[in-house]
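Working notes, beginning with the structure itself.
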Amino acid sequence: KNLMAEKVKILIDKTENDDKLIKALRNENARLQSKKGGKAVASTSSSDEAYEVIYQLKQENSQVKNELSVAKADLQKKEERVKELTMNCIGAPDEILEEKENMIMDLEEKVEMLERENFVLKNEKPD
């Protein structure tokens, strides 16, 4: 009977300790939930936490890749716009300006030559 009473007493002590431990764990869980903004703590297992961290990192990686591709597309559009503006003489190199000046000079020479021919033709023509 003494042995049985001791076992019952040990069992009751363990049950009380378990109840205290469960209460402490619930309090800790509630504290963590309030700390994380109401997010429930699903598991305290390290493998579950590792999978959650890996999932979050994959999401962040995907988001960064998307932002990078958008930035590359924007950069390409801006480079094309710069080329277009350069070709339209907004900040264009001197070569385009020189080409236009040469064309003007050629046209002026042609005008002079045609004026001379016109003058010669008028003078040769008998009235």
Side-chain angles (χ1 to χ4, degrees):
K1 288 186 179 182
N2 244 354
L3 185 60
M4 185 63 119
E6 284 180 24
K7 286 184 180 181
V8 168
K9 185 177 179 187
I10 292 171
L11 186 59
I12 290 172
D13 287 341
K14 285 184 178 182
T15 303
E16 288 176 357
N17 285 340
D18 287 347
D19 288 341
K20 289 178 185 177
L21 180 62
I22 289 171
K23 186 175 181 181
L25 288 173
R26 284 184 180 158
N27 289 337
E28 181 66 15
N29 191 18
R31 186 184 69 79
L32 290 174
Q33 284 178 351
S34 66
K35 195 175 194 180
K36 290 188 176 187
K39 186 177 177 183
V41 178
S43 174
T44 57
S45 148
S46 63
S47 64
D48 287 346
E49 290 175 8
Y51 285 124
E52 185 176 333
V53 168
I54 290 171
Y55 178 74
Q56 289 174 351
L57 289 174
K58 283 183 179 181
Q59 284 181 326
E60 289 176 17
N61 187 26
S62 176
Q63 184 178 4
V64 169
K65 284 182 179 179
N66 287 339
E67 290 173 0
L68 178 63
S69 65
V70 167
K72 283 182 180 179
D74 287 344
L75 179 62
Q76 185 177 7
K77 286 179 184 177
K78 288 178 181 180
E79 287 175 345
E80 289 174 4
R81 181 69 177 146
V82 167
K83 286 179 184 177
E84 180 183 320
L85 290 173
T86 301
M87 293 306 290
N88 291 329
C89 292
I90 299 175
D94 292 335
E95 295 173 5
I96 296 174
L97 183 61
E98 287 178 21
E99 287 177 16
K100 288 184 178 182
E101 287 176 354
N102 289 336
M103 288 173 56
I104 290 171
M105 290 174 55
D106 289 342
L107 289 173
E108 287 175 348
E109 288 175 11
K110 286 182 183 179
V111 167
E112 285 180 30
M113 188 173 68
L114 288 173
E115 285 177 348
R116 279 189 224 132
E117 286 181 19
N118 188 24
F119 180 75
V120 169
L121 289 175
K122 282 184 180 180
N123 287 337
E124 287 180 5
K125 192 176 191 184
D127 287 329

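No hydrogens, no waters, no symmetry mates; every other heavy atom, side chains included, goes into these values.
Contact of the Glu60 side chain with the Leu57 side chain is registered, since non-hydrogen atoms from C-beta on lie closer than 4.5 Å.
Atoms CG and CD1, on Asn61 and Ile54 in that order, are 12.5 Å from each other to the nearest 0.5 Å. Between the CD atom of Glu99 and the CG atom of Asn102 there is a distance of 8.0 Å, given to the nearest 0.5 Å. With rounding to the nearest 0.5 Å, the separation of CE in Met103 from CD in Glu98 is 14.0 Å. Atoms NZ and CD1, on Lys100 and Ile104 in that order, are 8.5 Å from each other to the nearest 0.5 Å. Here the straight-line distance linking atom OG of Ser69 with atom NZ of Lys72 works out to 8.0 Å at 0.5 Å rounding. A distance of 12.5 Å separates CG in Leu25 from NZ in Lys23, rounded to the nearest 0.5 Å.
Between Lys77 and Glu80, none of the side-chain N atoms (NZ, or NE/NH1/NH2) sits under 4.0 Å from a carboxylate O, so this pair counts as no salt bridge.
Results of the side-chain contact (heavy atoms from CB on, under 4.5 Å) test with Glu112 over Lys110, Glu109, Arg116 single out Arg116 as the only residue that passes.
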TODO: Assess whether salt bridge (Lys or Arg N to Asp or Glu O under 4.0 Å) is satisfied between Glu79 and Lys83, documenting all intermediate values.
DONE: CA-CA 6 Å; Glu79 287 175 345; Lys83 286 179 184 177; over 6 Å; no

Open item on the list: Set out, in order, the CA-CA distance, both residues' side-chain angles and the distance that settles side-chain contact (heavy atoms from CB on, under 4.5 Å) for Asp74 and Val70, then state yes or no.
Closed with: CA-CA 6 Å; Asp74 287 344; Val70 167; 3.9 Å; yes

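Residue Arg31 qualifies as enclosed at atom CZ: its count of foreign heavy atoms under 6.0 Å is above 12. Heavy atoms of other residues, nucleotides or ligands lying less than 6.0 angstrom from CD of Glu67 number more than 12.
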